[in-house]
Peer 1: 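Here you go, one structure.
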Amino acid sequence: MSENTQVTFPAATGIGSMPDGDAREAARTVTGSLEDFPHLAELPARGPGADMIGRTAGMLVELYARVEPSGWRLSDRPGRDTRRAHAWLRQDLDALEEFTQGHEGDLKVQAVGPWTLAAALELRNGEAVLSDPGACRDLTASLAEGLRLHVADVRRRVPGARVVLQLDEPSLTAVLRGHIRTASGYRTHRAVDRQIVESGLREVLGASGPGPTVVHSCAPDVPFALLRRAGTDAVSFDFGLLTERDDDAIGEAVEGGTRLFAGVVPGTDAALSDPAGSVMGVRTLWRRLGLRPGLLAEAVTVTPTCGLAGASPAYARQALAHCVRAARSLADNPE
């Protein structure tokens, strides 16, 4: 979507991953708990190909990857690992389609963004794709095309949905700062120029077509300004990792119409406070920034702090329901 268009989103959603490996149960939980804003569940507990890197590698066009002891590595042709990734994704999409019959409204899909993928995927020599600018460009183009096809497939399966594309970029800040280690572990790859990073993100975000976009990172120091320039409609983050250094960037994002997906509900089993207590920090931030309380419901979507893959199934259901109740509390009592 256009950088200048303010996009509205429902009040609560999940990040992506869910516990265990039952696709139908995960789809039932997500659609039942998040009726206004469900998402395609990711189930990494099933193993290689269902993990975030393997799933996204399986979406690439004319690039393939296989599992090595060190991780996912580019290969010359599709093999067993690629076929497994495709099978897991089809299973998850079939389950989602079953439980979203008649759904009208937002529906979120997730994939690893180009820079975290470039930091995680290895070239044939064992070094990260990040080490080769040409390989990074090829990977970005392949990912953008793969995501265009993926989003189109979801639109066909759930024709009433507005498909929201989320890019997961937990390694983005490390890429920008030159903190990604080489294969030997003794050095780090050079920092990637911010304009190149921004351009790559913009290209992949464009795969959403007319649909809105989100960039998610549960790492510290999310580069809000860069993500906004790249054209994302929303930034998703772990609220607990914010510091007052982020205040200006947050304030500018809100005033510029960027939606905040605030991760305030723990992603692993924990005692949950009352819904109002979960969003108390968001209200405090709003007062500190001098923002209008009535803007809260328009600017914030409540989420878990990160994916729920490490949670128990019972807690995952509780956490998603808690996000909905916390968002309702924020809207009903913004002060």
Side-chain angles (χ1 to χ4, degrees), residues 14-27 30 39-96 109-131 135-136 138-140 142-143 145-147 149-150 153-154 166-172 174-175 180-183 185 204 216-219 267-268 306-313 316:
I15 297 299
S17 66
M18 294 289 287
D20 288 352
D22 186 327
R24 293 187 74 255
E25 184 57 34
V30 168
H39 61 84
L40 176 63
E42 301 166 346
L43 302 172
R46 293 179 301 198
D51 61 297
M52 60 186 287
I53 299 300
R55 163 165 285 193
T56 302
M59 296 179 186
L60 297 173
V61 172
E62 297 183 358
L63 286 178
Y64 313 103
R66 66 176 186 270
V67 177
E68 295 286 342
S70 55
W72 284 90
R73 180 174 296 182
L74 293 179
S75 60
D76 295 325
R77 60 184 64 84
R80 176 183 59 189
D81 298 320
T82 298
R83 290 192 292 273
R84 186 188 294 120
H86 290 169
W88 289 138
L89 180 58
R90 279 196 305 274
Q91 186 181 107
D92 294 340
L93 286 168
D94 289 346
L96 180 73
V109 298
Q110 307 82 218
V112 177
W115 298 108
T116 295
L117 194 61
L121 269 182
E122 298 174 355
L123 297 167
R124 291 167 185 82
N125 65 7
E127 284 295 351
V129 171
L130 192 66
S131 66
C136 286
D138 291 345
L139 182 67
T140 297
S142 174
L143 177 60
E145 181 58 25
L147 289 179
L149 296 172
H150 178 52
D153 184 26
V154 176
Q166 174 181 303
L167 298 182
D168 293 321
E169 281 283 12
S171 298
L172 182 59
V175 167
I180 301 295
R181 293 203 167 275
T182 59
V204 179
H216 165 72
S217 173
C218 49
T268 53
C306 208
L308 295 168
S312 66

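None of the values given here were measured: they were computed from a predicted structure. All heavy atoms count here, side chains included; hydrogens, waters and symmetry mates do not.
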Peer 1: Determine yes or no for a side-chain-to-main-chain donor-acceptor pair under 3.5 angstrom, with Asn125 supplying the side chain and Glu127 the backbone.
Peer 2: yes

Peer 1: Which heavy atom of Pro114 sits nearest to which heavy atom of Leu167, and what is that distance?
Peer 2: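 Closest pair (atom of Pro114, atom of Leu167, distance): CD-CD1, 4.3 Å.
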
Peer 1: Measure the spacing between NE2 of His216 and CD1 of Ile15 and express it to the nearest 0.5 Å.
Peer 2: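 That separation rounds to 4.5 Å.
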
Peer 1: Ala219 and Pro170: which non-hydrogen atoms are nearest, and at how many Å?
Peer 2: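 Of all heavy-atom pairs spanning Ala219 and Pro170, the closest is CB-O, 3.4 Å.
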
Peer 1: Any salt bridge between Arg55 and Asp168, counting N to O under 4.0 Å?
Peer 2: no

Peer 1: Run Leu93 and His150 through side-chain contact (heavy atoms from CB on, under 4.5 Å) and show every step you take.
Peer 2: CA-CA 10 Å; Leu93 286 168; His150 178 52; 4.2 Å; yes

Peer 1: CD of Glu42 to CG of Leu89: how many Å apart, nearest 0.5 Å?
Peer 2: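 So the gap between those two atoms works out to 9.5 Å.
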
Peer 1: Just wondering, are more than 12 heavy atoms of other shown residues or ligands nearer than 6.0 Å to CZ in Arg77?
Peer 2: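 12 or below, so no.
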
Peer 1: How long is the span from the CG atom in Leu40 to the OG atom in Ser17, to the nearest 0.5 Å?
Peer 2: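 That separation rounds to 11.5 Å.
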
Peer 1: Given the rule in the side-chain contact (heavy atoms from CB on, under 4.5 Å) test, do Arg80 and Arg83 qualify, once you have shown the distances and angles that lead to the verdict?
Peer 2: CA-CA 5 Å; Arg80 176 183 59 189; Arg83 290 192 292 273; 4.0 Å; yes

Peer 1: Does Asp92 use its side chain to pair, donor to acceptor, with the backbone of Arg90 at less than 3.5 Å?
Peer 2: no

Peer 1: Using side-chain heavy atoms (C-beta onward) and a distance below 4.5 Å, is Glu169 in contact with Val175?
Peer 2: no

Peer 1: Looking only at non-hydrogen atoms, find the nearest pair between Ala41 and Met18 and report the distance.
Peer 2: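 Looks like CB-CG, 3.9 Å.
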
Peer 1: How close do Gln91 and Gly21 get, heavy atom to heavy atom, and via which atoms?
Peer 2: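 Closest pair (atom of Gln91, atom of Gly21, distance): OE1-O, 4.4 Å.
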
Peer 1: Answer yes or no: is there a side-chain heavy-atom contact under 4.5 Å between Leu147 and Leu143?
Peer 2: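 A side-chain contact exists here, since the closest heavy-atom pair is under 4.5 Å.
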
Peer 1: Is Thr56 reaching over with its side chain to a backbone N or O of Ala111, donor-acceptor style, under 3.5 angstrom?
Peer 2: no

Peer 1: State, to 0.1 Å, how close Ala311 and Pro19 come at their nearest heavy-atom pair, and which atoms those are.
Peer 2: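 Closest approach of Ala311 to Pro19: O-CB, 3.0 Å.
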
Peer 1: Hey, mind stepping through Leu43 and Asp20 against side-chain contact (heavy atoms from CB on, under 4.5 Å) and telling me if it holds?
Peer 2: CA-CA 6 Å; Leu43 302 172; Asp20 288 352; over 6 Å; no

Peer 1: Tell me which donor-acceptor pairs under 3.5 Å the side chains of residues 57-66 have, and how far apart each pair is, sequence neighbours excluded?
Peer 2:
residue	atom	partner	partner atom	Å
Arg66	NE	Glu68	OE2	2.5
Arg66	NH2	Glu68	OE2	3.1

Peer 1: List the residues meeting side-chain contact (heavy atoms from CB on, under 4.5 Å) with Val67, not counting sequence neighbours, and say none if there are none.
Peer 2: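 Residues passing side-chain contact (heavy atoms from CB on, under 4.5 Å) with Val67: Pro48, Trp72, Asp81.
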
Peer 1: Taking all heavy atoms of Leu123 and all of Ser131, pick out the closest pair and write down the distance.
Peer 2: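 Reported closest heavy-atom pair: CD1-OG, 3.7 Å.
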
Peer 1: OG1 of Thr140 to CD of Glu145: how many Å apart, nearest 0.5 Å?
Peer 2: 13.5 Å

Peer 1: Find the distance between OG (Ser75) and CD (Glu122) and round it off to the nearest 0.5 Å.
Peer 2: 12.0 Å

Peer 1: If you round to the nearest 0.5 Å, how far is CD1 of Ile180 from CG of Leu172?
Peer 2: 9.5 Å

